[in-house]
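What follows is one structure encoded as structure tokens, with my remarks underneath.
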Amino acid sequence: MVEKYDHKALEKKWQDAWEASGVYRAESGASKPKKYILDMFPYPSGEGLHVGHPKGYIATDVYSRAKRMQGFNVLHPMGWDAFGLPAENYAIKMKTNPVEMTEKNVARYKKQLSSIGCDYDWTREVNTTDPAFYKWTQWIFLKMFERGLAYESYEPINWCPTCQTGLANEDLEDGKCERCDTPVEKKPMRQWVLRITDYANRMLADLNTLDWPTSIKESQKNWIGRSVGAEIDFIVDGSDKLITVFTTRPDTLFGATYCVLAPEHKLVDELKGSILNFSEVEKYRTETKARTEIERTAEGREKTGIRLEGVFAVNPANNEKLPIFIADYVLGNYGTGAVMAVPAHDERDFYFAKKLGLSIKQVVASVFVDSVNPPKDGAEDTIRYGVILMIKHWEEDKYLINYSPKFNWKCLFTGGIEENEDPLEAAVREMREETGYQNIKEIHYIPLEHVDKFHAPHKGVNRVVYQKNIFIQLADGETKERSKEEKDLHHISWLTKEEMLKTISLPNHLYIFETEFLQGRALAGEGVLFNSGSFDGLSNEDAKRRITDFVQGRWVTKYRLKDWVFSRQRYWGEPIPIIHCEKCGVVPVPEADLPVMLPHVESYAPTGTGESPLADIAEWVNTVCPQCGGVGKRETNTMPQWAGSSWYYVRYIDPKNNEVLVDKEKEKYWSPVDMYVGGAEHATRHLIYARFYHKFLHDIGVVNYEEPFMRLQNVGLIMAEDGRKMSKRWGNVVNPDDVIAEYGADTLRLYEMFMGPFSQSVAWSTESIIGPRRFLERVWRLQEKIVTEGNQSLEMILHKTIQKVSEDIESFSFNTAISTLMILLNEMEKVSISRKQYEVLLLLLAPFAPHLTEELWQLVANTSSIHVSSWPVFDATKVIATEMTIAIQVNGKVRDEVVFGKDTTDDEIKEAVQARETIKKWTEGKTVKKLILVPGRLVNIVVTD
RNA sequence: GCUCGGGUGGUGGAAUGGUAUACACAGGAGACUUAAAAUCUCCCGCCGUAAGGCUUGCGGGUUCGAGUCCCGCCCCGAGCACCA
């Protein structure tokens, strides 16, 4: 009888032993292939960990242990992202020093991580608040400054009135501060900005080289927001001023009916003298400024704007004079801050034009291709002009449907326009011929023309018909008798609007009918040009370039991504290493003087003046200008929390180097990160910034590779049992210390990996954790069953398990790896096992349950650690089956199964399955039409009556 | 609105176009026990006494065969969004 599984004693024992022996230390420059496995380092908060936090750390621990056993030199470090607002706010609230507080929190985090059994190489620990570390954060800033990538700006930025600091675009969520949910204001102030937009294109292009989740790549694509279009100059009539617009639809230039400037556009001031209603314009601009971003972009908000009276823009395509507006639906900080408005083909311009009664001119026609008689390749295109009529009843809200039995169409009425005929006349003529009705109360164009394309078989040509769509309301029910031919061709009846929508069978006719009821719509899609001078008939895609060239426009690429607002008016961050000198201006701190230490202050509270608390410390602020030796003042803004986290992973490679940021040879060996694990919420923040930093470091020769993280896995949240997020506020937090005390670290680890797919969020279950615990106890008790001669039939499942567990760990499918181990255990319990067989189970389980397996490993007479032992090798010859189970289907339904020897021929199988009584029952009296045999799997007998 | 990802038992979930519901939890029955816990054995998608039928959000399609592929819709989650 063996001892009971005592997780408490055993976990403590091995954690101490591992620490003493340093088994997890990574050695640079070893001859072995490397794996760099990384967690997103935590911000050590005062609240400690809940069970959700370690999920990702357990995963990298499992992965790194497996990789070490598979013969890799593994780097698996951990550190602390300790600067930032939460620590500072907490320090203010608790009236403590953030430095001391950080030390205390780090110690607590480290203890908790160790109690989970994580295999970190603590000799490489980094901390962003350590001057020896932030020296290099400042150094990178200096290098960016040198290259013009860090610059001062006075543009209005996002200001959080609660946190009392400026914020980057990335720090907002729906126009609110991501930290405290306060709506941000626009505040003009001096700030430091990083030119991240210079890297937009490379960051977008290189996404293709990364093995990252699609969702993260998509988020980054959306965030960078590339769009390709044209810049086109409109001359302001009677002046030398130009309005340069950016558009992705230069093909619609002939349809431009007005121009819109952003309210803050500088041209408004330049044209002041010519604008007749300037005071009104000023009023509108003031109102706009007062609106927050949220108000301005609120869903469904009516478009507002005001015309600049007395000035006109000239459309370079046709020299038409167009009115100019300012409107806040045009943004000052995107494109050129000015647009050409094409209401027929842009939804926003359409609503604005409708509201202000501006003209709408269609220049692109949708093309509808007939599905029954599509145009034939090689046949000649002939152009025709036609009308399509929507006819309304003289009293009721009913419409005339045209049923053609010959073609089986249920549609509107159509006809051709004869030479020199007015389309409206043609419409009336066709109506009288086809319906017999005579008198008209109202007739108007439905404001969207389109093109129909089909093949006319009797002529052998393809027809391209430009259709004008026309609405007619009858005056009365007077009819004239139609010809027999017309009567046969057009069966007519009155339907309600709803019935029409259900009945009309041609998509183009349905489209016309709907358009009339919407009172027009913007056509944003593809089509062919008309009303566009010599460009008529071109596809709009072809027309884009040609019209841009025609008006000497420039083909350009724009990004949604904004430059990174990099200064914070707060205490707890890296000081920006800049000195302001009255004589020399902005002067960088010499490299030799780094780090610029963060001084101790009496009060950390933000000043709210746009200056950080550092500004109050005269002895720190006042310094000497390194250039002229005169009076200098230090920059008092600090860096955002993201600064340190944008490059920390490089420092783990060479954490103690005082000469350079990282030794380039060591960097070459360890980089890039092979596996990076963390939350999806970092998609458009940390993961964008770090890629930008890395590319910069590559450009200045500090690192060897273009991208920092080759593979990324997202960790799904662990929710509380009530389905909500775990939070003090809800009182639903589960503390890992309690779980470890009751079930042990190995059970916690196994359970968190078994809960479900790794990247998916799941609710914690107090009930389910018992499963993994029972499993470990059964593994523990299995040692009693070891005999000298193990069961040979076990070899097959053993090797299948080796293969499956290896693959599943590689793909982060830990839940199925564990279920495979459970299946193996179920099988092993049924038979006698050898020591070697038991050891395979232990080795495969070791990454998940490091303590238990280490103990058992040494109990069954091994002396070295299981965690430096070799991973079991999969032997394909061991999994060749001697027999196969064949399922028998009749018409796709499983009716029986039979076991055959592996050498049974196909013909033997086919014969045998049909001879079975269980199958005859289903095939009797029927003809076997077909027999499908899937080797090693099934037979499907297809029968008919 | 655009772009992704997803929808399978009571629950968490599994499934290269080839026996849907593996593995686990919960539940039920039994064994051991004075008893309970722990452990072990068996049952466990739905309808049906059974034979059998039905079942992967809904509706179509391709196929000998569809959770898986294609088309249309509904719902949930994520990112972007007055971005011209």
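Each chain gets a letter, A, B and so on, in the order its sequence line appears, and its residues count up from 1.
Looking at the side chain of Lys562(A), the nearest of the listed nucleotides rC83(B), rC23(B), rU39(B) is rC83(B). Taking only side-chain atoms of Arg774(A), from C-beta outward, the nucleotide of rC23(B), rA26(B), rC82(B) with the closest atom is rA26(B). Of the candidate nucleotides rC82(B), rA24(B), rU39(B), rC82(B) has the atom lying nearest to any side-chain atom of Tyr329(A). Comparing rC82(B), rC64(B), rC40(B) by their nearest atom to the side chain of Arg778(A) picks out rC40(B). Among rC25(B), rG18(B), rA84(B), the nucleotide with an atom closest to any side-chain atom of Arg348(A) is rA84(B). Checking rU19(B), rC25(B), rG13(B) against the side-chain heavy atoms of Val762(A) singles out rG13(B) as nearest. Of the listed nucleotides (rG13(B), rC40(B), rG65(B)), rG13(B) has the atom at the smallest distance from the side chain of Gln760(A). In the set rC25(B), rG18(B), rC82(B), rG18(B) carries the atom at the smallest distance from any side-chain atom of Leu938(A). Closest to the Gln889(A) side chain, of the nucleotides rA84(B), rC23(B), rG18(B), is rG18(B).
Residues Glu302(A) and Tyr351(A) bring no donor and acceptor atom of their side chains to less than 3.5 Å of each other. Side-chain N/O atoms of Arg778(A) and Asn826(A) include a donor and acceptor closer than 3.5 Å. For the residue pair Asp233(A) and Thr244(A), a side-chain donor N or O sits within less than 3.5 Å of a side-chain acceptor on the partner. With 3.5 Å as the limit, one finds a donor-acceptor pair spanning the side chains of Thr816(A) and Asp808(A). A donor and an acceptor atom, one from each side chain of Tyr559(A) and Ser227(A), are nowhere located under 3.5 Å apart. Glu721(A) and Thr766(A) share a side-chain donor-acceptor pair at under 3.5 Å.
For Phe246(A), the ring-ring contact (aromatic ring centres under 6.0 Å, His included) test picks out no residue, with sequence neighbours left out. Evaluation of the ring-ring contact (aromatic ring centres under 6.0 Å, His included) rule for Tyr511(A) yields Phe368(A) as partners, not counting sequence neighbours. Residues passing the side-chain hydrogen bond (donor to acceptor under 3.5 Å, both in side chains) test with Lys902(A): none are found, sequence neighbours excluded. Partners of Phe234(A) by ring-ring contact (aromatic ring centres under 6.0 Å, His included), not counting sequence neighbours: none found. Glu178(A) pairs by the salt bridge (charged side-chain N to carboxylate O under 4.0 Å, His left out) definition with nothing, not counting sequence neighbours. Take Tyr258(A) and apply the ring-ring contact (aromatic ring centres under 6.0 Å, His included) test, not counting sequence neighbours, and it matches Phe325(A), Phe352(A).
Separating the C1' atom of rG52(B) from that of rG57(B) is a span of 27 Å, rounded to the nearest Å. Taking atom C1' on both nucleotides, rA51(B) is separated from rA37(B) by 44 Å, rounded to a whole Å. Spacing of C1' atoms, rG67(B) relative to rA15(B), comes out at 9 Å, to the nearest Å. Rounded to whole Å, the separation between the P atoms of rC70(B) and rC4(B) comes to 13 Å. Between the P atoms of rG77(B) and rC40(B), the separation comes to 41 Å (whole Å). Distance check on atom P: rA26(B) versus rU33(B) gives 25 Å, rounded to whole Å. Taking atom P in both rA22(B) and rG9(B), one finds a spacing of 13 Å when rounded to whole Å. To the nearest whole angstrom, the two C1' atoms, one in rG12(B) and one in rU16(B), are 25 Å apart.
Here the side chains of Glu752(A) and Ile718(A) are in contact, with some heavy-atom distance below 4.5 Å.
A sub-4.0 Å separation between OP1 or OP2 of rA22(B) and a side-chain N or O of Asn826(A) is absent. At rA84(B), one or more side-chain N or O atoms of Tyr334(A) fall inside 4.0 Å of OP1 or OP2 (strictly under the cut-off). Between rC80(B) and Ser219(A), no contact under 4.0 Å exists linking OP1 or OP2 to a side-chain N or O. Under 4.0 angstrom from either OP1 or OP2 of rC82(B) there lies no side-chain N or O belonging to Lys303(A).
Here Pro757(A) lies in heavy-atom contact (under 4.0 Å) with sugar-phosphate atoms only. Glu897(A) comes within 4.0 angstrom of a base, heavy atoms only. In this structure, Val342(A) reaches neither bases nor backbone, as no heavy-atom distance under 4.0 Å exists between it and the strands shown. When heavy atoms are screened at a 4.0 angstrom cut-off, Thr336(A) is found touching no nucleic acid atom at all. Tyr559(A) comes within 4.0 angstrom of nothing in the nucleic acid, heavy atoms only. Here Ser765(A) lies out of heavy-atom contact (under 4.0 Å) with every strand. Looking at heavy-atom distances under 4.0 Å, Ile932(A) makes contact with a base.
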Q. Yes or no on ring-ring contact (aromatic ring centres under 6.0 Å, His included) for Trp780(A) and Phe775(A), after CA distance, side-chain angles and deciding distance?
A. CA-CA 9 Å; Trp780(A) 179 262; Phe775(A) 170 73; over 10 Å; no

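Residues in residues 803-829 of chain A take part in these ring pair (Phe, Tyr, Trp, His ring centres under 6.0 Å) pairs, two or more places apart or across chains: Tyr63(A)-Phe812(A), Phe758(A)-Phe812(A), Phe758(A)-Phe814(A), Phe812(A)-Phe814(A).
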Q. Which parts of nucleotides 50-61 of chain B does protein reach within less than 4.0 Å, heavy atoms only, written one letter per nucleotide 5' to 3' as B for base, S for sugar-phosphate only and - for none?
A. -SSSS-------

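Applying the 90° criterion around 0 to the glycosidic angle, rG5(B) comes out anti.
Between the side chain of Arg895(A) and the backbone N or O of Thr918(A), no donor-acceptor pair lies under 3.5 Å. At least one donor-acceptor pair under 3.5 Å links the side chain of Lys355(A) to the backbone N or O of Lys303(A). Remark: the backbone N or O of Leu523(A) is paired with a side-chain donor or acceptor of His345(A) at under 3.5 angstrom.
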What N/O pairs connect the protein and nucleotides 2-9 of chain B at under 3.5 Å? Give each pair on its own line.
{"from": "rU3(B)", "atom 1": "O2'", "to": "Glu218(A)", "atom 2": "OE1", "distance (Å)": "2.6"}

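Annotation: proximity of residues 803-820 of chain A to RNA chain B (heavy atom, distance under 4.0 Å) is found for Asn815(A), Thr816(A), Ser819(A), numbered in ascending order. Near RNA chain B, defined here as any heavy-atom distance below 4.0 Å, there are no residues from residues 253-267 of chain A.
Computed from coordinates, the Ile232(A) CD1 to rA84(B) C1' distance equals 12 Å when rounded to whole Å.
In this structure, Gly771(A) and Ser761(A) both approach RNA chain B, and ranking their closest nucleotides by distance from the 5' end singles out Ser761(A).
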**Q.** Pair assignment for RNA chain B - dot-bracket with | for other-strand partners, Watson-Crick or G-U under 3.5 Å
**A.** (((((((..(((.....[....))).(((((.......))))).(((....)))..(((((..]....))))))))))))....

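Remark: Lys176(A) NZ is loosely packed, at most 12 non-hydrogen atoms of other residues, nucleotides or ligands lying under 6.0 Å away.
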